[in-house]
Amino acid sequence: PYHLPGPKAAAETWLMVRFALAEATPLLPRGHEVAWAQFLLPVEAPAGARPTSMPALQLSDAGDRVVVRGAHTSIVFDRSTGRLVSWEGPDGHAVFVAGAGGPTTNLWRAPTDNDRKLMAGRWREAGLDCLSETPEQVIVEQVAADVVQIKVQMTTSAAGIATAYGYTIYGSGDVILEHRVEVAEDVPPLARVGVKLLVPETCETFMWYGRGPHESYVDRKEGAAVDVYRSTVDAEYVRYIKPQEFGNKTDVRWVALTDADGRGLLAVGMPYLEVSAHHFRAADLEAAAHTHELKRRPEIELHLDLAQSGLGSASCGPGVLPQYELTARAYRYALRLRPLAAGDIPGELSKGIG
């Protein structure tokens with residue numbers, strides 16, 4: 001028997017059942033866990049409260065530069081590239097690496113052993129490994145004193161693929177990113193659908209609420225329990241004999257990358273994301289034949305995906321099952337980004353804007 005707790009705003013309630021040995025065996029001690037099962041309980045939780053008003057935003061739109069400033073944020077957007085070029089949090093810290101540009105579409109992953117047999121060549125032929133984007137239309141509008149919207153329509157270097165972004169910037173410092181990827185029927189199933197951005201090297205602490213603690217993928221996740229985990233970006237590197245995609249986390253509700261003082265970036269799924277953070281680029285992993293050949297980059301490449309293709313077992317069996325493929329269609333999703341200041345609690349700030 002158990003008792004349901006009272007509802008908490010924007011919270012989930014889980015029941016974890018663990019099975020352990022009642023008596024010792026010749027190989028295992030009493031109390032050794034042999035299995036577990038986890039259940040999301042039907043506890044109705046009210047949505048997180050949204051502030052009735054937020055600090056005002058100042059919009060400057062001249063030439064190629066769009067600047068949005070407020071009490072909790074400072075964002076610079078470049079019309080010529082269609083990218084956020086800088087973003088500072090309330091204490092002036094950089095949210096992502098200066099000059100690297102804001103979130104960019106990513107449909108590629110460093111091929112796994114299974115990918116190399118069936119899909120990697122098709123992905124390269126489609127241009128997924130070197131995708132670039134050019135802004136076709138940029139619309140900037142201040143829709144309220146405390147809200148600015150930027151909409152960007154992109155053309156891409158890959159035939160049959162078009163992308164678009166929508167940024168809704170709030171006076172609280174929150175940014176809702178809406179991302180759309182349109183895929184023509186003749187494009188092969190994608191490796192992933194998401195965005196990537198470079199985070200400063202100081203943001204080594206990696207926290208997430210989702211499946212873990214080990215890596216998981218859409219077709220390999222039943223052994224990963226949903227919980228709040230704390231690790232480091234370095235610790236999440238999986239030392240495969242042949243370097244390849246690694247460290248993905250599925251069913252992520254929120255993820256935070258922070259420095260020793262708690263400053264950094266929070267990303268919140270709407271509702272879920274797949275997430276990984278690397279000190280390597282995909283090209284680094286693909287070029288290295290062995291782990292010792294990799295050269296760790298100081299900055300962190302953060303992947304925030306709607307979905308990543310399943311892994312399958314093509315190196316010794318069949319490929320990805322159809323239900324785990326990312327086939328041609330329109331992909332639309334949203335996520336919330338927020339700078340974290342020292343002392344902020346990611347789990348609390350994940351519950352709503354404000």
Side-chain angles (χ1 to χ4, degrees), residues 10 55 69-76 84-103 170 172-175 177 195-216 224-239 246-249 252-269 273-281 284-285 291 294-305 335-354:
R69 288 194 174 94
H72 300 293
T73 194
S74 177
I75 291 175
V76 179
L84 301 181
V85 292
S86 73
W87 185 4
E88 293 181 354
D91 54 3
H93 77 275
V95 176
F96 52 76
V97 175
Y170 292 92
S172 61
D174 295 278
V175 174
L177 169 60
V195 295
K196 61 183 179 181
L197 64 158
L198 292 183
V199 179
E201 62 181 302
T202 54
C203 295
E204 179 66 18
T205 299
F206 179 33
M207 294 180 62
W208 74 98
Y209 173 35
R211 292 191 181 272
H214 51 76
E215 66 178 7
S216 59
V226 176
D227 206 338
V228 177
Y229 297 95
R230 183 185 181 97
S231 183
T232 65
V233 177
D234 276 328
E236 292 306 306
Y237 174 53
V238 181
R239 300 176 67 85
F246 69 88
N248 190 60
K249 315 296 183 187
V252 174
R253 280 71 167 168
W254 59 260
V255 59
L257 286 177
T258 60
D259 63 16
D261 296 321
R263 299 178 303 176
L265 174 65
L266 170 69
V268 182
L273 296 169
E274 297 198 33
V275 172
S276 61
H278 303 164
H279 278 293
F280 310 103
R281 312 282 174 84
D284 301 335
L285 296 168
T291 291
L294 285 172
K295 293 184 178 180
R296 178 187 183 277
R297 294 177 183 262
E299 69 276 8
I300 299 163
E301 187 170 84
L302 175 62
H303 298 265
L304 302 171
D305 298 327
L335 57 98
R336 177 164 62 90
L337 301 171
R338 180 182 177 120
L340 292 172
D344 283 344
I345 302 174
E348 291 301 314
L349 291 178
S350 72
K351 295 179 179 179
I353 292 174

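In what follows, every heavy atom counts, from backbone to side chain, and hydrogens, waters and symmetry copies are set aside.
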Where do V195 and L177 come nearest, in terms of heavy atoms and distance?
CG2-CD2, 4.3 Å
Supply the atom-to-atom distance H214 NE2 to S231 OG, rounded to the nearest 0.5 angstrom.
13.0 Å
Please confirm whether the backbone N or O of P339 pairs with a side-chain atom of H72, one donor and one acceptor, at under 3.5 Å?
no
Straight-line distance of E201 CD to R297 CZ, nearest 0.5 Å:
13.0 Å
Side chains of D174 and S172: do they bring a donor and an acceptor to under 3.5 Å?
yes
Quick one: do L302 and V275 satisfy side chain to side chain contact (heavy atoms under 4.5 Å, CB included)? Show the steps, please.
CA-CA 7 Å; L302 175 62; V275 172; 4.1 Å; yes
Is K249 reaching over with its side chain to a backbone N or O of P213, donor-acceptor style, under 3.5 angstrom?
yes
Step-by-step side chain to side chain contact (heavy atoms under 4.5 Å, CB included) determination, D284 to H279:
CA-CA 10 Å; D284 301 335; H279 278 293; over 6 Å; no
Closest approach of T73 and G173, non-hydrogen atoms and distance?
CB-CA, 4.0 Å
Would the distance check show the side chain of D259 and the main-chain N or O of C203 forming a donor-acceptor pair, the cut-off being under 3.5 Å?
no
Within the distance-only criterion (no hydrogens, no angle test), does the side chain of R336 pair as donor or acceptor with the backbone N or O of V268 below 3.5 angstrom?
no
Distance check, rounded to the nearest 0.5 Å: L337 atom CG versus W87 atom CH2?
5.0 Å
Go through it in stages, so that I can follow the logic: the residues are T291 and Y237, the test is side chain to side chain contact (heavy atoms under 4.5 Å, CB included), and I'd like the CA-CA distance, side-chain angles, deciding distance and then a yes or no.
CA-CA 10 Å; T291 291; Y237 174 53; 3.3 Å; yes
Is R281 paired with E299 through a side-chain N to carboxylate O contact shorter than 4.0 Å?
yes
Under 3.5 Å, side chain of R338 to main-chain N/O of G354, donor-acceptor pair present?
yes
Which of these passes side-chain contact (heavy atoms from CB on, under 4.5 Å) with E301: L198, L197, V97?
L198
Partner of F206 under side-chain contact (heavy atoms from CB on, under 4.5 Å), picked from I300, D234, L257, is L257
Please work out which of the three classes, parallel, tilted or perpendicular, describes the rings of F246 and H278, given edges at 30° and 60°.
parallel
Inter-residue atom distance T258.OG1 - E204.CD, 0.5 Å rounding
10.0 Å
One pair to check against side chain to side chain contact (heavy atoms under 4.5 Å, CB included): V175 and I75. What are the steps and the verdict?
CA-CA 10 Å; V175 174; I75 291 175; 3.8 Å; yes
Taking H93 for its side chain and A341 for its backbone only, find out whether a donor-acceptor pair lies under 3.5 Å.
no
For the CZ atom of F96 and the CG atom of L265, what is their distance to the nearest 0.5 Å?
9.5 Å
Minimal non-hydrogen separation, S276 against N248, with atom names:
CB-CA, 4.0 Å
Measure the spacing between CG of L340 and CG of D261 and express it to the nearest 0.5 Å.
12.5 Å
Does a sphere of radius 6.0 Å around CZ in R296 hold more than 12 heavy atoms from other residues, nucleotides or ligands, not counting ones at 6.0 Å or beyond?
yes
